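One structure is given below, encoded as structure tokens.
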Amino acid sequence: MTVRTRFAPSPTGYLHLGGARTALFSWLYARHNNGKFVLRVEDTDLERSTEESTQAILDGMQWLGLDYDEGPFFQSQRMDRYKEVIQQLLEKGHAYKCYCSQERLENLREEQRIRKHKPRYDKHCFENPPKDSSAPHVIRFLNPEEGEVTFEDQVRGVITFKNTELDDLIIQRSDGSPTYNLCVVVDDADMQITHVIRGDDHINNTPRQINILHALGFEPPVYAHVPMILGDDGKRLSKRHGAVSVIQYHEDGYLPEAMLNCLVRLGWSHGDQELFSKEEMIKLFTLDHISQSAACFNTEKLNWINQQYLKTMPADYITSYLSDTFHEMGVDYLNGPSLIDIVEAYRERVDTIKEMAEKTRCYFQTIEHYDDKAAGKFLKEPVLGPLTSMRDRLDSLTDWSKENLHQVVVDVCAEFDIKMPKVAQPIRVALTGNSNSPSIDLTLKLMGKERTIKCLDHALEFVRIA
RNA sequence: GUCCCCAUCGUCUAGUGGCCUAGGACAUCGCCCUUUCACGGCGAAAACAGGGGUUCGAGUCCCCUUGGGGACGCCA
């Protein structure tokens with residue numbers, strides 16, 4: 001039997017880290033087993049579902065490279081099928097109409113809460129079926145009263161619920177629309193899903209779904225409930241955590257490969273290994289090394305992973321991201337050194353593409369102002385001599401090679417009898433605006449003669465005025 | 001309140017009864033490398049929530065306590 005997994009988001013928001021991780025696990029499991037990965041959009045709640053959200057989820061998955069073999073299916077387009085199943089349930093006595101008002105239900109819950117009981121429907125309409133069947137009503141699933149439901153969760157082990165804990169849940173609203181638990185069951189069965197991998201907030205739904213499945217004569221799939229992901233602060237993911245959407249990480253300059261790597265290590269491990277290519281993940285991923293407890297997302301670790309990828313991926317691949325970023329920033333990146341050279345010079349010095357772009361825009365644009373601390377330390381009067389000498393020597397340099405540039409720096413050091421940093425640091429500030437950059441000869445090389453002279457003149461002017 | 005789930009360094013985790021004096025990674029701190037910043041190398045500090053069992057032996061199995069999370073919707 002081929003493995004079939006699914007990712008079933010509801011389009012009521014963006015694809016956040018938790019959703020992305022769940023999608024990744026489902027995708028990996030399908031790919032590892034040469035199975036199929038199905039995408040299903042659970043949009044039965046028409047009030048809250050939006051097309052923007054659907055698109056955002058699709059975009060997020062595309063960015064991460066989580067491709068699906070079937071779908072996207074939309075539950076909103078399968079209404080006839082759900083109605084058919086509900087009718088079937090009704091006819092077989094597995095469901096009944098309930099005419100209770102929402103007010104009665106609320107009072108009932110309130111009362112049960114006061115008596116410190118678990119709020120449950122009291123089967124009023126099952127025990128006292130009203131005569132008038134044309135009045136507004138919902139349809140409830142008749143849950144078994146006795147016995148228990150047991151399933152073997154692939155990550156949690158055996159989980160058992162007593163049927164007395166479950167109540168007769170609504171499967172069709174008074175407006176005739178089906179509800180979540182019913183749709184999930186019908187879809188998973190129709191789509192022949194063999195493994196349901198989802199967040200552990202669904203553990204409580206599982207016994208209800210299994211009961212409906214049995215009433216319908218279907219075999220339950222295998223379940224695997226993965227723990228949730230918490231924010232950096234250990235709290236539940238929410239809007240407060242800056243990056244709610246995985247796409248935000250794209251905008252912040254992270255590579256999809258790094259994001260995937262970071263997500264897969266949240267709740268899954270393979271010994272001590274930290275870095276996994278997509279192919280390795282697929283090869284190694286199984287359900288039996290998923291952890292059972294929630295994990296905090298750690299931005300610093302993501303930064304490190306991202307840098308590992310920046311360091312090792314082909315330069316031209318990184319270049320394409322860098323050019324996109326420059327484009328968005330309005331930087332004319334064709335007017336300066338080649339981006340490949342920029343990437344090679346900076347890939348070990350930054351965590352993200354965005355940071356790389358910010359640190360290297362000075363090679364393409366005149367810098368607006370110097371970093372206060374750096375200028376205060378290095379653009380002071382004593383550097384006038386060396387800097388002026390540097391400027392004049394460079395001005396007469398015809399072959400702008402790294403070797404020649406190095407020699408010029410060495411010569412200036414000798415002329416004033418000072419150490420390398422004494423001349424290199426002021427030049428760094430003059431060229432890049434702050435005191436960190438690649439080796440000074442490489443920095444000069446990248447900057448080019450024309451821009452370098454301009455920068456040095458500007459810096460000399462700055463020192464004289466200050 | 002009821003039910004369900006969870007519990008190893010600050011964080012992600014290894015650990016499937018003896019290999020654990022508890023390993024790795026991020027972050028932190030120190031040293032080395034060095035033309036600044038990084039990268040890299042070396043090193044330090046840092047955890048089995050508590051209590052009972054079971055066992056020759058428990059981080060690992062069982063129970064209780066504590067703590068955390070989730071569910072209890074005509075949301076998904």
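In what follows, chains carry the letters A, B, and so on, assigned in the order in which the sequence lines appear, proteins first and then strands, with residues in each chain numbered from 1. None of the values given here were measured: they were computed from a predicted structure.
In the set B:C74, B:A76, B:C5, the nucleotide with an atom closest to the side chain of A:N181 is B:A76. With B:C5, B:A76, B:U2 as the choices, the nucleotide that has an atom nearest any side-chain atom of A:N205 turns out to be B:A76. Relative to the side chain of A:H202, the nucleotides B:C72, B:A76, B:G70 differ in distance, and B:A76 lies closest. Among B:U2, B:A76, B:C26, the nucleotide with an atom closest to any side-chain atom of A:E300 is B:C26.
The base of B:A27 is not paired with the side chain of A:K301 by any donor and acceptor separated by under 3.5 Å. You won't find any donor-acceptor pair under 3.5 Å spanning the side chain of A:T179 and the base of B:C74, going by distance alone.
Checking B:G1 for Watson-Crick or G-U wobble geometry (two distances, each under 3.5 Å) identifies B:C72 as its partner. Of the nucleotides present, B:U65 is the one that pairs with B:A49 by Watson-Crick or G-U wobble criteria, both distances under 3.5 Å. Taking a pair to require two hydrogen-bonding distances under 3.5 Å in either a Watson-Crick or a G-U wobble arrangement, B:G17 remains unpaired. Across all strands shown, the partner of B:A44 is B:U28, judged by Watson-Crick or G-U wobble contacts whose two distances both fall under 3.5 Å. Base pairing annotation: B:U55 forms no Watson-Crick or G-U wobble pair, as no partner gives both donor-acceptor distances under 3.5 Å. For B:A22, there is no paired nucleotide, since no Watson-Crick or G-U wobble pair has both relevant distances below 3.5 Å.
Only one option out of A:T5, A:V226, A:T206, A:I203 pairs with A:R198 in a side-chain contact (heavy atoms from CB on, under 4.5 Å); it is A:T206. Just one residue in the list A:R208, A:R140, A:K123 forms a salt bridge (charged side-chain N to carboxylate O under 4.0 Å, His left out) with A:D168, and that residue is A:K123.
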Item to complete: Show your working on side-chain hydrogen bond (donor to acceptor under 3.5 Å, both in side chains) between A:T299 and A:D232 and close with a plain yes or no.
Response: CA-CA 7 Å; A:T299 306; A:D232 261 324; 2.6 Å; yes
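To the nearest whole angstrom, the two C1' atoms, one in B:A58 and one in B:U8, are 14 Å apart. With both ends at atom C1', the span from B:U34 to B:G24 equals 28 Å, rounded to whole Å. Nucleotides B:A22 and B:G10 have their P atoms positioned 15 Å apart, rounded to a whole Å. Using atom C1' as the reference point in both B:G1 and B:G57, the two lie 43 Å apart (nearest Å). As rounded to the nearest Å, B:C4 and B:U65 have P atoms that lie 13 Å from one another. Atom P of B:G67 sits at a distance of 34 Å from the matching atom of B:U28, rounded to the whole Å.
Between A:F7 and A:Y68, a ring centre-to-centre spacing not shorter than 6.0 Å is recorded.
A cation-pi contact links A:R21 to A:F25, judged by a cut-off of 6.0 Å to the six-membered ring centre and 45° from its axis.
Under a cut-off of 6.0 angstrom, the local environment of NE2 in A:H137 is crowded, with over 12 non-hydrogen atoms contributed by other residues, nucleotides or ligands. The local environment of CZ in A:F126 is sparse, with at most 12 non-hydrogen atoms from other residues, nucleotides or ligands closer than 6.0 Å. Atom NZ of A:K359 has more than 12 heavy atoms from other residues, nucleotides or ligands within 6.0 Å. In A:D372, the CG atom is not crowded: 12 or fewer heavy atoms of neighbouring residues, nucleotides or ligands sit closer than 6.0 Å.
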Would you tabulate the nitrogen or oxygen pairs shorter than 3.5 Å linking the protein to nucleotides 13-18 of chain B?
unit_1, atom_1, unit_2, atom_2, d
B:U13, OP1, A:G267, N, 2.5
B:U13, O3', A:S269, OG, 3.2
B:A14, OP1, A:S269, OG, 2.7

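Within the nucleic acid shown, A:Q102 comes within 4.0 Å of at least one base atom, counting heavy atoms only. At a threshold of 4.0 angstrom between heavy atoms, the contacts of A:E274 include nucleobase atoms, whether or not backbone atoms are also involved. Among the atoms of the strands shown, none is found under 4.0 Å from any heavy atom of A:R115. Here A:S177 lies out of heavy-atom contact (under 4.0 Å) with every strand. Using a 4.0 Å heavy-atom criterion, one finds that A:C100 contacts the bases of the nucleic acid, with or without backbone contacts as well. If you check every strand for non-hydrogen atoms under 4.0 Å, A:I159 touches sugar and phosphate atoms only.
Within the 4.5 Å cutoff, the side chain of A:L322 has heavy atoms near those of the A:M356 side chain.
The 5' end of RNA chain B is approached more closely, in terms of each residue's nearest nucleotide, by A:F161 than by the other of A:F161 and A:D175.
An OP1 or OP2 oxygen of B:G70 is reached within less than 4.0 angstrom by a side-chain nitrogen or oxygen of A:R236. Between A:R109 and B:G73 there is a side-chain polar atom (N or O) within less than 4.0 angstrom of OP1 or OP2. Under 4.0 angstrom from either OP1 or OP2 of B:C4 there lies no side-chain N or O belonging to A:T160.
Salt bridge status for A:E257 with A:K278: absent, with no side-chain N to carboxylate O gap under 4.0 Å.
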Response to the item:
Once base and sugar-phosphate atoms are separated, protein heavy atoms under 4.0 Å mark nucleotides 29-49 of chain B, 5' to 3', with B, S and - as ------BBBSSS---------
